[in-house]
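Residue numbers run from 1 in the order of the sequence given. Worth knowing before you read on, the calculation uses all heavy atoms, side chains too, and leaves out hydrogens, waters and symmetry mates.
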Amino acid sequence: MFMNKELLRNKYKLIRKSITEKNIKDEIIYKKVINDFDIKKYSTILIYVSFKDEVDTLKLIKYFLQCKKVAVPKIENNIMKFYYIKNLNELETGYFGILEPISNELVTDFSNCVCITPGICFDINGNRIGYGKGFYDKFFNEVDIYKIGLCYKKCLVRKIDVNNFDKRVEKVITD
């Protein structure tokens, strides 16, 4: 059954908000991510800073700061850019109330990067529904990078209808 993106977005925001034992599920995802063979191959990790009901990434960021270069997104003039951070103190509230880097060390070389990608829901083919602003899709249209989505199992759907602008992730990690 076809469901338009806005309906899917609203439905899965509610489902995500209703998830119980979130900290246990976040821990399962955390362990899968830090032990992921594909992630281990890359020296730089681009990772979103979790917000509201998203899969928690703060613990992942702390972990990766010890062993990789870490960069987080910042919205500037309606464009998402990634900046390196050295610790969590380099984050401040920014666009839409989401923590953003205060660093000015812009990532320009994406050759050895993996991108941990947020989504409200993903399908089994790696297609995603984000918040509808297209920041990640625009970024992925410009940068060829290995992408991994994080979501709760309850937010994994059979099929999301996509258009040519939408970019899928290579892998989805769930609880």
Hey, does [Y] have a side-chain heavy atom less than 4.5 Å from the side chain of [X]?
{"X": "Glu105", "Y": "Lys86", "value": "yes"}
{"X": "Lys11", "Y": "Ile15", "value": "yes"}
{"X": "Asp26", "Y": "Tyr152", "value": "yes"}
{"X": "Leu150", "Y": "Phe122", "value": "no"}
{"X": "Pro118", "Y": "Tyr136", "value": "yes"}
{"X": "Ile120", "Y": "Tyr131", "value": "yes"}
{"X": "Leu58", "Y": "Val49", "value": "yes"}
{"X": "Thr117", "Y": "Arg128", "value": "yes"}

> Quick check, are the ring centers of Phe135 and Tyr95 under 6.0 angstrom apart?
Replying inline: yes
Taking side-chain contact (heavy atoms from CB on, under 4.5 Å) as the criterion, tell me which of [options] meets it with [X].
{"X": "Phe82", "options": "Val107, Thr108, Thr44", "answer": "Val107"}
{"X": "Cys151", "options": "Ile173, Ile29, Val172", "answer": "Val172"}
{"X": "Ile61", "options": "Asp56, Ile85, Ile45", "answer": "Ile85"}
{"X": "Val33", "options": "Leu60, Val55, Ile47, Ile148", "answer": "Leu60"}

Between [X] and [Y], is there a side-chain N and carboxylate O pair less than 4.0 Å apart?
{"X": "Lys13", "Y": "Asp53", "result": "no"}
{"X": "Glu142", "Y": "Lys138", "result": "no"}
{"X": "Asp38", "Y": "Lys40", "result": "no"}

Path from [X] to [Y] over hydrophobic side-chain contacts below 4.5 Å:
{"X": "Ile102", "Y": "Phe51", "value": "no"}
{"X": "Tyr42", "Y": "Val169", "value": "no"}
{"X": "Leu106", "Y": "Val114", "value": "no"}
{"X": "Ile75", "Y": "Ile116", "value": "yes"}

>> Between Phe110 and Phe139, is the ring pair (Phe, Tyr, Trp, His ring centres under 6.0 Å) condition met? List the steps.
In response: CA-CA 11 Å; Phe110 297 96; Phe139 177 72; 5.5 Å; yes
How many angstroms lie between atom [atom1] of [X] and atom [atom2] of [Y], to the nearest 0.5 angstrom?
{"X": "Leu8", "Y": "Ile129", "atom1": "CG", "atom2": "CD1", "value": "5.0 Å"}
{"X": "Asp175", "Y": "Ile28", "atom1": "CG", "atom2": "CD1", "value": "5.5 Å"}
{"X": "Lys154", "Y": "Cys121", "atom1": "NZ", "atom2": "SG", "value": "14.5 Å"}
{"X": "Cys115", "Y": "Ile145", "atom1": "SG", "atom2": "CD1", "value": "5.0 Å"}

>> Go through it in stages, so that I can follow the logic: the residues are Lys5 and Asp166, the test is salt bridge (charged side-chain N to carboxylate O under 4.0 Å, His left out), and I'd like the CA-CA distance, side-chain angles, deciding distance and then a yes or no.
In response: CA-CA 12 Å; Lys5 286 183 180 179; Asp166 295 323; 2.4 Å; yes
Minimum heavy-atom distance between [X] and [Y], given as atom pair plus value:
{"X": "Pro73", "Y": "Pro101", "value": "O-CD, 3.3 Å"}
{"X": "Leu65", "Y": "Leu88", "value": "CD1-N, 4.2 Å"}
{"X": "Tyr83", "Y": "Ser103", "value": "CD2-O, 3.4 Å"}
{"X": "Lys22", "Y": "Glu54", "value": "NZ-O, 2.9 Å"}
{"X": "Cys155", "Y": "Arg16", "value": "SG-CB, 4.0 Å"}

Answer yes or no: is there a donor N or O on one side and an acceptor on the other, between the side chain of [X] and the main chain of [Y], under 3.5 Å?
{"X": "Asp137", "Y": "Phe140", "value": "no"}
{"X": "Asp36", "Y": "Lys32", "value": "no"}
{"X": "Lys25", "Y": "Thr20", "value": "yes"}
{"X": "Glu92", "Y": "Leu99", "value": "no"}
{"X": "Asn125", "Y": "Asn127", "value": "no"}
{"X": "Glu170", "Y": "Lys147", "value": "yes"}
{"X": "Thr57", "Y": "Ser50", "value": "yes"}
{"X": "Asp109", "Y": "Ser111", "value": "yes"}

Are more than 12 heavy atoms from other residues, nucleotides or ligands located less than 6.0 Å from atom [atom1] of [X]?
{"X": "Lys41", "atom1": "NZ", "result": "yes"}
{"X": "Phe96", "atom1": "CZ", "result": "no"}
{"X": "Asn87", "atom1": "CG", "result": "yes"}

>> Determine whether Asp123 and Arg158 satisfy the following criterion, side chain to side chain contact (heavy atoms under 4.5 Å, CB included), listing intermediate values before the conclusion.
In response: CA-CA 5 Å; Asp123 72 13; Arg158 204 164 34 89; over 6 Å; no
>> Is the terminal nitrogen or CZ of Lys59 (NZ for Lys, CZ for Arg) located under 6.0 angstrom from the six-membered ring centre of Tyr30 and within 45° of that ring's axis?
In response: yes
